[in-house]
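Input: a single structure, listed below in structure tokens.
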Amino acid sequence: AILEYTGAKWTLESPQWPQEKVNQPVGKLPVLVETNKDGTRFILSDSLAIEQYLVCKYNLCVPEQDRQMVARQTELRNQLNDLFQMTQLIVNITEPTTRTNFIQRFMTLAKDVVTYQEKWLKENGSTGHYFGNKTTYVDLALLGTLCAIRCTLKGMPEMLEPFNKKNAPLMNNVMTTMEKDSKLVKYMSTCQW
């Protein structure tokens, strides 16, 4: 969503896996490869590091001099990442008791995150954004995270309940704001929100 929103020129490459694993930094994807004006390459691995680099590069962060807001931005983003990581664990666990325990933990975490983020969105004035009235990092992170969670858990509708309009009206307001943004039309066509 970040690259779509900013209009950055980029290409997606999908290496043959697992054959290319040894050629990737720390043996995992994603990897950002950026060619500088002098021809040198900047290579960055780890999805959150890549995200943070891109949002700073394209001025989607809260002002750096406001350390409390930078910390709040990181907190809100990390909560969304915790939810996403938990969904990845759930879909990969096959042992029934362990899976049930993780589902219960996810539901508790989801409700807590929604409660906290709804409170923050209300404090921001229910603008359809996390900070002020413009799109920032956390708005795009919410979009990406909820789209990914919905796709991952599509066969488990009860697990999506914490994120519905009744339980998370302000988060859904952010999603609607993102949905209407002309810069995100292409991205939204791939998101099954």
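One is the number of the first residue; the rest follow in order along the sequence. Reckoned from all heavy atoms, side chains included, excluding hydrogens, waters and symmetry mates.
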Looking only at atom types and distance, does a side-chain atom of [X] sit under 3.5 Å from a main-chain N or O of [Y], one as donor and one as acceptor?
X    : Y    : result
T108 : Q104 : yes
N92  : Q88  : yes
Q117 : L76  : yes
N167 : N164 : no

Checklist line | Nearest heavy-atom neighbours spanning M107 and M159 | finding: SD-CA, 3.7 Å
Next item on the list: Please name the pair of heavy atoms, one in V114 and one in A168, separated by the smallest distance, quoted to 0.1 Å.
Entry: CG1-CB, 3.7 Å
Next item on the list: List the steps, then state whether side-chain contact (heavy atoms from CB on, under 4.5 Å) holds for L83 with Q79.
Entry: CA-CA 7 Å; L83 287 170; Q79 290 172 358; over 6 Å; no
Side chains of residues 134-147: which donor-acceptor partners sit under 3.5 Å, not counting sequence neighbours?
{"unit_1": "Y137", "atom_1": "OH", "unit_2": "E51", "atom_2": "OE1", "d": "2.7"}
{"unit_1": "D139", "atom_1": "OD1", "unit_2": "Y130", "atom_2": "N", "d": "2.8"}
{"unit_1": "D139", "atom_1": "OD2", "unit_2": "H129", "atom_2": "ND1", "d": "3.1"}
{"unit_1": "D139", "atom_1": "OD2", "unit_2": "T136", "atom_2": "N", "d": "2.8"}
{"unit_1": "T145", "atom_1": "OG1", "unit_2": "R77", "atom_2": "NH1", "d": "3.4"}
{"unit_1": "T145", "atom_1": "OG1", "unit_2": "A141", "atom_2": "O", "d": "2.7"}

Check: What residues form a side chain to side chain contact (heavy atoms under 4.5 Å, CB included) with A49, not counting sequence neighbours?
Finding: L44, D46
Item checked: All side chain to side chain contact (heavy atoms under 4.5 Å, CB included) counterparts of D82, not counting sequence neighbours ->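 With sequence neighbours excluded, D82 shows a side chain to side chain contact (heavy atoms under 4.5 Å, CB included) to L109, given in chain and number order.
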Considering only heavy atoms from C-beta outward, does the side chain of [X] approach that of [Y] to under 4.5 Å?
X    : Y    : result
L153 : L160 : yes
I50  : L54  : yes
C61  : Q73  : yes

Margin query: Quick check on side-chain contact (heavy atoms from CB on, under 4.5 Å): which of L89, I93, I90 does T98 satisfy it with?
Written below: I93
Could you state the interatomic distance from [atom1] ([X]) to [atom2] ([Y]), rounded to the nearest 0.5 Å?
X    : Y    : atom1 : atom2 : answer
M175 : R150 : CE    : CZ    : 9.0 Å
Q85  : L80  : CD    : CG    : 12.0 Å
E161 : M156 : CD    : CE    : 13.0 Å

Next item on the list: For residues 96-122, pull every pair meeting salt bridge (charged side-chain N to carboxylate O under 4.0 Å, His left out), keeping only residues two or more places apart or in separate chains.
Entry: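 Passing the test, one end in residues 96-122: K119-E123.
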Item checked: Summary of salt bridge (charged side-chain N to carboxylate O under 4.0 Å, His left out) pairs that have at least one residue in residues 52-65, sequence neighbours excluded -> E34-K57
Next item on the list: With sequence neighbours excluded, give me every ring-ring contact (aromatic ring centres under 6.0 Å, His included) pair touching residues 11-65.
Entry: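 Residue pairs passing ring-ring contact (aromatic ring centres under 6.0 Å, His included), neighbours aside: F42-Y53.
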Next item on the list: Please collect all ring-ring contact (aromatic ring centres under 6.0 Å, His included) contacts where either partner lies in residues 77-123, sequence neighbours excluded, each pair once.
Entry: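 Passing the test, one end in residues 77-123: W120-F131.
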Which donor-acceptor pairs under 3.5 Å do side chains of residues 19-33 form with protein atoms, sequence neighbours excluded?
{"unit_1": "E20", "atom_1": "OE1", "unit_2": "N23", "atom_2": "ND2", "d": "2.9"}
{"unit_1": "Q24", "atom_1": "NE2", "unit_2": "E20", "atom_2": "O", "d": "3.4"}

Could I get the full list of side chain to side chain donor-acceptor pair (under 3.5 Å) partners for [X], not counting sequence neighbours?
X    : result
S126 : none
N36  : T40
T127 : N124

Next item on the list: Please determine, by modelled atom types, if N81 and N78 share a side-chain donor-acceptor pair under 3.5 angstrom.
Entry: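 On atom types as modelled, these side chains do not qualify, holding no pair under 3.5 Å.
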Output a table of donor-acceptor pairs, distance under 3.5 Å, between side-chain atoms of residues 4-16 and any protein atom two or more places apart or on a different chain; print 'none' if there are none.
{"unit_1": "T6", "atom_1": "OG1", "unit_2": "I2", "atom_2": "O", "d": "3.1"}
{"unit_1": "T6", "atom_1": "OG1", "unit_2": "L3", "atom_2": "O", "d": "3.2"}
{"unit_1": "T6", "atom_1": "OG1", "unit_2": "A8", "atom_2": "N", "d": "3.4"}

